[in-house]
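Report on the structure given below.
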Amino acid sequence: MFEQLNKLYIGTNMKMYKTIQETKNFLRELSVYTEDIKSSDLELFVIPSYTALETARQMASSKRIKIGAQNMCWAENGQFTGEISPLMLKEVGVDLVMVGHSERRHIFDESDEEINKKVLSAIEHGFTALMCIGETQDDKIGGTSDETLRLQLKRGLQNVTKVQAPNLWIAYEPVWAIGESGKPASETYANTKHKVIKQCLNELFGESIGRQIPILYGGSVNNLNAPELAKMDNIDGLFIGRSAWNAKNFNQIIRHVLPLFQEKQE
Ligand code: PGA
C-alpha cells in the first residue's frame with residue numbers, strides 16, 4: 001500500500017460555464033461555507049474561466065482557496081493569437097494551471113507533446129501543474145487502459161526533473177466518466193487505476209518524490225459517490241465538475257468527504 005498524503009485535495013473546473021458575476025457569487029459563498037476548514041487539512045481549488053480569473057483572485061485573496069487557469073500557452077509571448085501566456089497568468093496571480101483536460105485533448109486535439117510543453121512551462125513559471133489523464137471507452141473495452149495512462153504520464157511528464165516533480169498534481173479522469181453523458185467509475189475501478197498511476201510516478205521520479213504527487217479522481221463525482229471514492233487508499237482527492245458548481249452542494253461534498261479522508265490516515 002502507498003503512503004497517504006496528509007491533506008485532501010478537492011477542486012472544481014468550471015469549464016465554459018460561469019460568467020464573472022456568477023464566479024464572484026460562487027466564490028463569495030464558498031469562502032463563507034468553508035472558512036473554518038484549515039488549509040493544512042484541505043487543499044481547496046477553483047478553476048474558473050479566463051475572463052473571471054482576476055475577479056476570482058481578488059475574491060480568494062487570502063489564498064486559502066487556490067485559483068487555477070484552465071489552459072496555458074507554453075510560450076511567454078509571440079505570434080499565438082488567442083492564447084494566454086504564463087506571464088499573463090502570473091500577472092493575475094494564478095496558483096495553478098490545468099493542462100490536458102479531456103475536453104482539450106479530444107475536442108481541441110491537444111497532443112501529449114503540447115501537453116508536455118505546457119507542463120514544463122507551467123512549472124518553470126512557478127505554477128502547480130495539474131495534468132489530466134484518462135483512458136477512452138475504447139481503451140477500456142480493449143483492455144489497454146493501463147498502457148494509455150502510462151503513456152500519457154511518460155509523454156506528458158517528459159523532462160520534468162525530480163526537483164520539479166513536487167509541483168505536479170495529477171487528475172485521473174476517464175473520458176467515459178466525464179460530463180452529462182458520463183458514467184462515474186466505481187471506487188474500486190478508480191482505485192486500481194490510481195495505483196497504476198502511482199506506480200508509474202514512482203518509476204519516473206523515485207518513490208520518495210513520486211508519493212508526494214497527489215492523484216485526484218474526476219468524472220461524474222457527486223454527493224453519493226464522493227464518500228466511497230474518498231475512502232480508497234490510492235485516491236488523494238477529487239476533481240469535480242457539475243456537482244461542485246453550486247457552492248452549497250460543493251460544501252456538502254467537502255463536509256462528507258473530509259472526515260472519511262482523515263479516518264483513512266489514522
Ligand atoms: P463532471 O466533470 O464532474 O461534470 O463529470 C469533470 C471534469 O471534467 O473535470
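Whatever order the structure lists ligands and atoms in, that order sets their numbers, starting from 1. The structure displayed is predicted, hence computed values, not measured ones.
Taking the six-membered ring wherever Trp is involved, the centroid distance between the rings of Phe239 and Phe45 falls below 6.0 Å.
For ligand 1 and Gly241, the ligand atoms under 4.0 Å from any heavy atom of the residue are 1 (P), 2 (O), 3 (O), 4 (O), 6 (C). Each of the atoms 1 (P), 3 (O), 5 (O) of ligand 1 lies under 4.0 Å from some heavy atom of Ser220. Interface atoms of ligand 1 facing Ile178, defined by a heavy-atom separation under 4.0 Å, are 5 (O), 8 (O).
For Gly219, no nitrogen or oxygen atom sits less than 3.5 Å from a nitrogen or oxygen atom of ligand 1, counting backbone and side chain alike.
Each of Glu135, Lys193, His194 was evaluated against Tyr172; a single residue qualifies, Glu135, per the side-chain hydrogen bond (donor to acceptor under 3.5 Å, both in side chains) test.
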Notebook entry, point to check: Would Trp245 and Thr12 satisfy side chain to side chain contact (heavy atoms under 4.5 Å, CB included), going step by step from the backbone distance to the final call?
Noted result: CA-CA 8 Å; Trp245 296 340; Thr12 181; 3.2 Å; yes
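Residue contacts with ligand 1, taken as heavy atom pairs separated by less than 4.0 Å, involve Lys15 solely via side-chain atoms from C-beta onward.
Look at Gly218 and you'll find every heavy atom at least 4.0 Å from all atoms of ligand 1. A heavy-atom separation below 4.0 Å is found between Gly179 and ligand 1.
A donor and an acceptor atom, one from each side chain of Glu29 and Asn25, are nowhere located under 3.5 Å apart. In the model, Asn159 has no side-chain atom that pairs as donor or acceptor with a side-chain atom of Asn116 under 3.5 Å.
Here the heavy atom of the protein found nearest to atom 6 (C) of ligand 1 is Glu173 OE2, 3.6 Å. The protein heavy-atom contact nearest to atom 4 (O) of ligand 1 is Arg242 NE, 2.6 Å.
Salt bridge absent: Arg104 and Glu114 never bring a charged side-chain N and a carboxylate O closer than 4.0 Å.
With hydrogens and angles ignored, the 3.5 Å screen pairs no side-chain donor or acceptor of Thr136 with any backbone N or O of Val175.
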